[in-house]
**Student:** 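Take a look at this one; I'll ask things after.
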Amino acid sequence: MTSMDPVAEAAAILAAAEYAVALTGAGLSVESGIPSFRGPDGLWTKYGQPSNLSYRVFARDPQDWWEKRLSDEVTPGNPTYDLKDAVDNAEPNPGHVAIAELESAGIIRAVITQNVDDLHGRAGSRNLLEIHGNRNYLRCIGCGWRRPRARHAITDVPPLCAECGAVIKLDTVMFGEPIPRAVLDSCFAETQRCDAMLLVGTSGAVNPAAQLPLVARERGARIIEVNPEPTQLTAAADVVVAGPAGEMLPLIVEAMALDRRN
């Protein structure tokens, strides 16, 4: 750590990087009005954490799971409804937009996100790796077929894949479900390649995402953390920009004097 202004130092690290990668977590989306899971007002704090066997429950009886899911989505008073309502009404915040601007300018080469809310995509991020999936997509557990849910009407449950006949589930990764190998491999490949990693709104509490900054640091990458509070990754950061991403990331973009018309 140095006495240099953290915003200016973060901007200098990103400007000097040949291949910077962002890793984002729930704290970024909280600024868009989406509740966290573990925080004081988090969904799991309110309703209890889902079972670690969630995927096994789904696999054992997909029809029952889908019937309950479709009912919960339209019935207030449960975590599925609360999250769906929040995400459906959320908009990308200035933090999402700033990350997209950094990508458009060729500074950020990839965005790895633990969030499932699609706000990065809506803000304009393109090389996006959603390590925990996307709530707006469906995925076949057989062949990996993946499509936007809006384009696939669910008329029978469980829905079955037109390509291979296997069961379709939501794209979001459940407890006990392996992260799709292609996405996980891409996340580690980007981590191995980067010489700077921007951490935004991630607590560093959930693996394997929490391991990525440590892998990057071991390979010599500079680590920038943007978060209002210290996290489990703060000690590994070269510079810490303390504050909400929606305020701090636009300041970093401004400090880099990027052409924000891109």
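Residue indices begin at 1 and follow the sequence shown. Only a predicted model underlies this, so the values are computations on that prediction, with no experimental measurement involved.
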**Student:** So T234 and E225, side-chain hydrogen bond (donor to acceptor under 3.5 Å, both in side chains) or not? Walk me through it.
**Tutor:** CA-CA 7 Å; T234 299; E225 181 178 66; 2.7 Å; yes
**Student:** When you check the gap from the basic side-chain N to the acidic O, do R135 and D88 get nearer than 4.0 Å?
**Tutor:**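 D88 and R135: salt-bridged.
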**Student:** Taking the side chain as every heavy atom from C-beta outward, state whether F175 and L53 have any pair of such atoms under 4.5 Å apart.
**Tutor:**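 Not touching, per the 4.5 Å side-chain cut-off.
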**Student:** Is any NZ, NE, NH1 or NH2 atom of the basic residue among R122 and D118 found under 4.0 Å from an Asp or Glu carboxylate oxygen of the other?
**Tutor:**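 Between D118 and R122 there is no salt bridge, as every charged N stays at least 4.0 Å from the carboxylate O atoms.
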**Student:** Could you tell me which non-hydrogen atom of G246 sits nearest to which non-hydrogen atom of P94, and how far apart they are?
**Tutor:**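 Answer, listing the atom of G246 first, then P94: O-CB, 3.4 Å.
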**Student:** Considering all heavy atoms of both residues, which atom of P213 and which atom of I223 are nearest to each other, and what is their separation?
**Tutor:**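 So the two residues come closest at O-CD1, 3.8 Å.
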**Student:** For residues E31 and A245, report the shortest heavy-atom separation together with the two atoms involved.
**Tutor:**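 What the structure gives for the nearest pair is OE2-N, 2.8 Å.
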**Student:** If I compare all heavy atoms of L128 with all of G121, which pair ends up nearest, and what's the gap?
**Tutor:**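 So the two residues come closest at CD2-N, 3.8 Å.
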**Student:** Hey, is the main chain of Q192 close enough, under 3.5 Å, to the side chain of R219 for a donor-acceptor pair?
**Tutor:**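 It does hold such a pair.
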**Student:** Around atom CG of D156, are there more than 12 heavy atoms from other residues, nucleotides or ligands closer than 6.0 Å?
**Tutor:**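 Result for CG/D156: open.
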**Student:** Output yes when a side-chain donor or acceptor of D72 lies under 3.5 Å from a complementary backbone atom of T80, and no otherwise.
**Tutor:**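 A pair under 3.5 Å: no.
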**Student:** How close do A205 and A210 get, counting heavy atoms only, and between which atoms?
**Tutor:**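 That closest heavy-atom pairing would be N-CB, 4.3 Å.
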**Student:** Testing N115, D117, N93 one by one against S32 for a side-chain hydrogen bond (donor to acceptor under 3.5 Å, both in side chains), which residue passes?
**Tutor:**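 In the set N115, D117, N93, the residue that makes a side-chain hydrogen bond (donor to acceptor under 3.5 Å, both in side chains) with S32 is N93.
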**Student:** Check whether any side-chain heavy atom of H152 sits under 4.5 Å from a side-chain heavy atom of I168, and report yes or no.
**Tutor:**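 In contact.
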**Student:** Name each donor-acceptor pair under 3.5 Å that joins a side chain in residues 181-188 to protein atoms two or more places apart or in another chain, with its distance.
**Tutor:**
from: R181; atom 1: NH1; to: D185; atom 2: OD1; distance (Å): 3.1
from: S186; atom 1: OG; to: A182; atom 2: O; distance (Å): 3.0

**Student:** Are L170 and V116 close enough that some pair of their side-chain heavy atoms sits under 4.5 Å apart?
**Tutor:**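 No, their side chains stay 4.5 Å or more apart.
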**Student:** I224 pairs by side-chain contact (heavy atoms from CB on, under 4.5 Å) with which of V240, L14, D238?
**Tutor:**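 Among the candidates, only L14 passes.
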**Student:** Can you tell whether the side chains of R146 and E130 come within less than 4.0 Å, N to carboxylate O?
**Tutor:**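 The answer is yes: the pair qualifies as a salt bridge.
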**Student:** Is K68 salt-bridged to D64, going by a charged N under 4.0 Å from an acidic O?
**Tutor:**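 A salt bridge is absent here (no side-chain N lies under 4.0 Å from a carboxylate O).
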**Student:** Any ion pair linking E177 and R56 (charged N to carboxylate O, less than 4.0 Å)?
**Tutor:**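 Looking at E177 together with R56, the answer is no, because their closest N to O distance does not fall below 4.0 Å.
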**Student:** Only pairs under 3.5 Å count here: list side-chain donor-acceptor contacts from residues 193-202, not counting sequence neighbours, and write none if there are none.
**Tutor:**
from: R193; atom 1: NH1; to: Y19; atom 2: OH; distance (Å): 3.4
from: D195; atom 1: OD1; to: E18; atom 2: N; distance (Å): 3.4
from: D195; atom 1: OD1; to: Y19; atom 2: N; distance (Å): 2.9
from: D195; atom 1: OD2; to: E18; atom 2: N; distance (Å): 2.8
from: T202; atom 1: OG1; to: Q114; atom 2: OE1; distance (Å): 2.6

**Student:** Starting at OG1 of T191, measure out to CG of L212 and round the result to the nearest 0.5 Å.
**Tutor:**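 One gets 4.0 Å once the value is rounded to the nearest 0.5 Å.
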**Student:** Are side-chain N/O atoms of H120 and T24 paired as donor and acceptor at under 3.5 Å?
**Tutor:**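 Yes.
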